[in-house]
Novice: 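Dropping a structure here in C-alpha cells format, bear with me for questions.
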There are 2 protein chains.
Amino acid sequence: MHNILQQHNHQHCIDDALARARELCQRRQVKFTRIREQVLACVWANHQPVGAYTILEEIAKDSDRRPAPPTVYRALDFLLENGLVHRIASLNAFVGCKNPNHHHQGHFLICRQCRNAIELDTDVINSAINAAATQHGFAVEAPCVEVVGCCANCQELSDNE
Amino acid sequence: MHNILQQHNHQHCIDDALARARELCQRRQVKFTRIREQVLACVWANHQPVGAYTILEEIAKDSDRRPAPPTVYRALDFLLENGLVHRIASLNAFVGCKNPNHHHQGHFLICRQCRNAIELDTDVINSAINAAATQHGFAVEAPCVEVVGCCANCQELSDNE
DNA sequence: ACACTAATGCAATATTATAACATTTTATTC
DNA sequence: GAATAAAATGTTATAATATTGCATTAGTGT
Ligand SMILES: [Zn+2]
Ligand SMILES: [Zn+2]
Ligand SMILES: [Zn+2]
Ligand SMILES: [Zn+2]
C-alpha cells in the first residue's frame with residue numbers, strides 16, 4: 001500500500017509544487033506574483049483542503065500584513081485558472097493539484113477523520129461518468145467528484161484501539 | 001432519447017413527490033409538517049436545484065409569512081436526513097430526490113445553461129469510485145458526484161441557431 | 001515621459017449557514 | 001383531562017464564505 005499521506009517528506013511536496021508553478025507560469029507568460037506564491041504555499045502547507053479565510057490568517061501571521069478577502073480570492077482564481085489548485089466544493093476549500101501541466105478536473109478521496117485529500121489520477125471514474133452522461137445525451141464539461149470516507153491510515157489507527 | 005426535462009407533465013412530478021413523502025413519513029413515524037411540505041414543494045417546483053434563501057422568498061410570497069433562515073434550514077435538514085432531497089454542494093442548492101425509499105447519495109448531471117439537474121440511477125459510477133478507492137485502501141462513505149455540462153435539450157437548441 | 005494594462009489595496013456588502021434561547025405544539029403519563 | 005416531557009418552530013443575532021466597485025500601484029511597450 002503506497003500512501004502518500006504517511007511517511008513522506010512533505011517539504012518535497014511543497015518545493016516541487018512551487019517549482020512546478022514557477023516553471024508553468026514562466027512557460028505560459030503569466031505572473032507568479034508574491035501573493036500568488038504565498039497563497040499557493042499556504043495551500044500546500046499540508047494535504048488538507050484549506051479555506052480562503054484560513055489562508056488569509058496564515059498570510060497575516062507570516063508577513064505582518066493582512067490581505068483583504070478579495071486579494072486572497074483573486075490569487076485563488078488565478079491558481080484555479082492555471083490548474084495549480086482545485087476547489088473542493090463540499091468543503092468550501094482549496095487544495096494543491098499534483099499535476100497542473102495536464103488540464104483536468106480533480107477527483108478526490110477526502111478522509112472524514114484526518115481531513116487529508118487524495119487526488120486520484122485514474123480515468124475509470126471519468127469513463128463511468130461519460131458512459132452515464134452519454135445515455136442522457138449530456139455533454140460533460142466539468143465532472144466534480146468528492147468522495148468522503150476513511151483513509152487507510154485512519155482505518156489502521158482505529159483498528160489498533 | 002428519453003429526457004425527463006422536455007415534454008413532461010411536471011405536475012405529476014410534484015404530486016408524486018409529495019405523495020411519496022407523505023407515505024414515507026407515515027411509514028417512518030416522522031412528521032411531515034406544514035413547513036416541511038412547503039419546502040419540499042418548493043424544491044420540486046422544477047428540476048433546477050434551488051437555494052435556501054430562494055425557498056424562503058417563495059414561501060414568503062405564497063403564504064404571507066416569512067420564515068427565518070433557521071426554519072428553512074431545519075426543514076431542509078429533515079428532508080436531507082430522510083433522503084427526500086439532495087444537496088448540490090457545488091451550487092449551495094437543493095433538489096428533490098426521485099427515489100427516497102432507496103437510501104443513496106445522488107449523482108447529478110447539471111446543465112450549465114438551463115440549470116436542470118438530472119439524477120442518475122446507474123451504479124457504474126459508484127463501481128468506478130469504489131474500485132479507485134480500494135486501490136488506496138480508502139473506505140467510501142459518501143461519494144459526491146456533480147457533473148456540469150450541457151444537456152441534450154440545450155445542445156439541440158444551440159445547434160438550431 | 002506617456003499611455004496602457006494587469007495586479008493589488010480597500011471599503012462595503014452580498015450570500016449562505018448556524019448558534020442560542022424563547023415559545024408553541026404534540027405526544028405521553030398519571 | 002391536567003401534568004409532564006419531547007419535538008418542532010419562532011426569533012434574534014451572528015458566523016463563514018464570497019463578491020462588487022472603485023482607488024491605487026506596478027509593470028510593459030512606445
Ligand atoms: Zn506531502
Ligand atoms: Zn489535480
Ligand atoms: Zn418534472
Ligand atoms: Zn436521489
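Just so we're on the same page: letters track the sequence lines, and every chain starts at 1.
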Novice: Could you list by number each residue of residues 55-65 of chain B showing a heavy-atom separation from DNA chain D of less than 4.0 Å, or answer none if no residue does?
Specialist: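 Close to the strand are Arg65(B).
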Novice: What is the distance from CG of Asn92(A) to P of dT18(C), rounded to the nearest Å?
Specialist: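 Computing the Asn92(A):CG to dT18(C):P distance gives 10 Å.
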Novice: Just how far, in rounded Å, is C1' of dT15(C) from CZ of Phe94(B)?
Specialist: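 These atoms are roughly 13 Å apart.
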Novice: Looking at Arg20(B) and Glu23(B), does any basic side-chain N land under 4.0 Å from a carboxylate oxygen?
Specialist: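 Looking at Arg20(B) and Glu23(B), the cut-off is not met.
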Novice: Between Arg36(A) (CZ) and dA26(D) (P), how many Å, whole number?
Specialist: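 Taking atom P of dA26(D) as the reference, CZ of Arg36(A) is at 16 Å.
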Novice: Shortest non-hydrogen contact from Phe138(A) to Ile110(B)?
Specialist: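 Here Phe138(A) and Ile110(B) meet closest at CZ-O, 3.4 Å.
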Novice: Show the numbers, then the answer: is there a side-chain hydrogen bond (donor to acceptor under 3.5 Å, both in side chains) between His107(B) and Glu119(B)?
Specialist: CA-CA 6 Å; His107(B) 299 166; Glu119(B) 180 170 2; over 6 Å; no
Novice: Applying a 4.0 Å non-hydrogen cut-off, can you work out what Arg34(A) is touching in the nucleic acid: base, sugar-phosphate, or nothing?
Specialist: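 Arg34(A): no heavy atom of the nucleic acid under 4.0 Å.
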Novice: Atom CG of Leu91(A) to atom C1' of dA16(D): distance rounded to whole Å?
Specialist: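 Spelled out: CG on Leu91(A) to C1' on dA16(D) is 14 Å.
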Novice: Under the 3.5 angstrom rule, does the side chain of Ser158(B) hit a backbone N or O of Gln155(B) as a donor-acceptor pair?
Specialist: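 Pair found, side chain donor or acceptor close to backbone of Gln155(B).
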Novice: Let's see if you get this right: which residues in residues 66-79 of chain B place a heavy atom under 4.0 Å from DNA chain D?
Specialist: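 Only Ala68(B), Pro70(B), Thr71(B), Arg74(B) qualify.
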Novice: Consider the side chain of Lys31(B), meaning its heavy atoms from C-beta on, and name the nucleotide among dA18(D), dT26(C), dG27(D) that approaches it most closely.
Specialist: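 The listed nucleotide nearest to Lys31(B)'s side chain is dT26(C).
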Novice: Atom CD of Gln38(B) to atom P of dT9(D): distance rounded to whole Å?
Specialist: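 Computing the Gln38(B):CD to dT9(D):P distance gives 10 Å.
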Novice: If we count only N and O atoms by modelled type, under 3.5 Å, do the side chains of Arg28(B) and Asn82(B) hold a donor and an acceptor together?
Specialist: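 Present: a donor and an acceptor within the cut-off.
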Novice: Please work out whether the ring planes of His102(B) and His104(B) are parallel, tilted or perpendicular, with thresholds of 30° and 60°.
Specialist: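 Taking His104(B) first and then His102(B), their aromatic rings lie parallel (interplane angle under 30°).
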Novice: Less than 4.0 Å between a side-chain N and a carboxylate O, is that true for Arg34(B) and Glu37(B)?
Specialist: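 Salt bridge flag = no for Arg34(B) with Glu37(B).
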Novice: Should the pair Asp121(A)-Lys98(A) be classified as a salt bridge under the 4.0 Å nitrogen-to-oxygen rule?
Specialist: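 Judged by the 4.0 Å cut-off on N to carboxylate O distance, Asp121(A) and Lys98(A) do form a salt bridge.
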Novice: Does the side chain of Arg87(B) pick up a donor-acceptor pair with the side chain of Asn92(B) at under 3.5 Å?
Specialist: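 A donor-acceptor contact under 3.5 Å links the two side chains.
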Novice: Rounded to whole Å, please give me the gap between CD1 in Ile88(B) and P in dT15(C).
Specialist: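 Between P of dT15(C) and CD1 of Ile88(B): 21 Å.
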Novice: State whether the distance check finds a donor on one side and an acceptor on the other, under 3.5 Å, for side chain Tyr53(B) versus base dA17(C).
Specialist: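 Yes.
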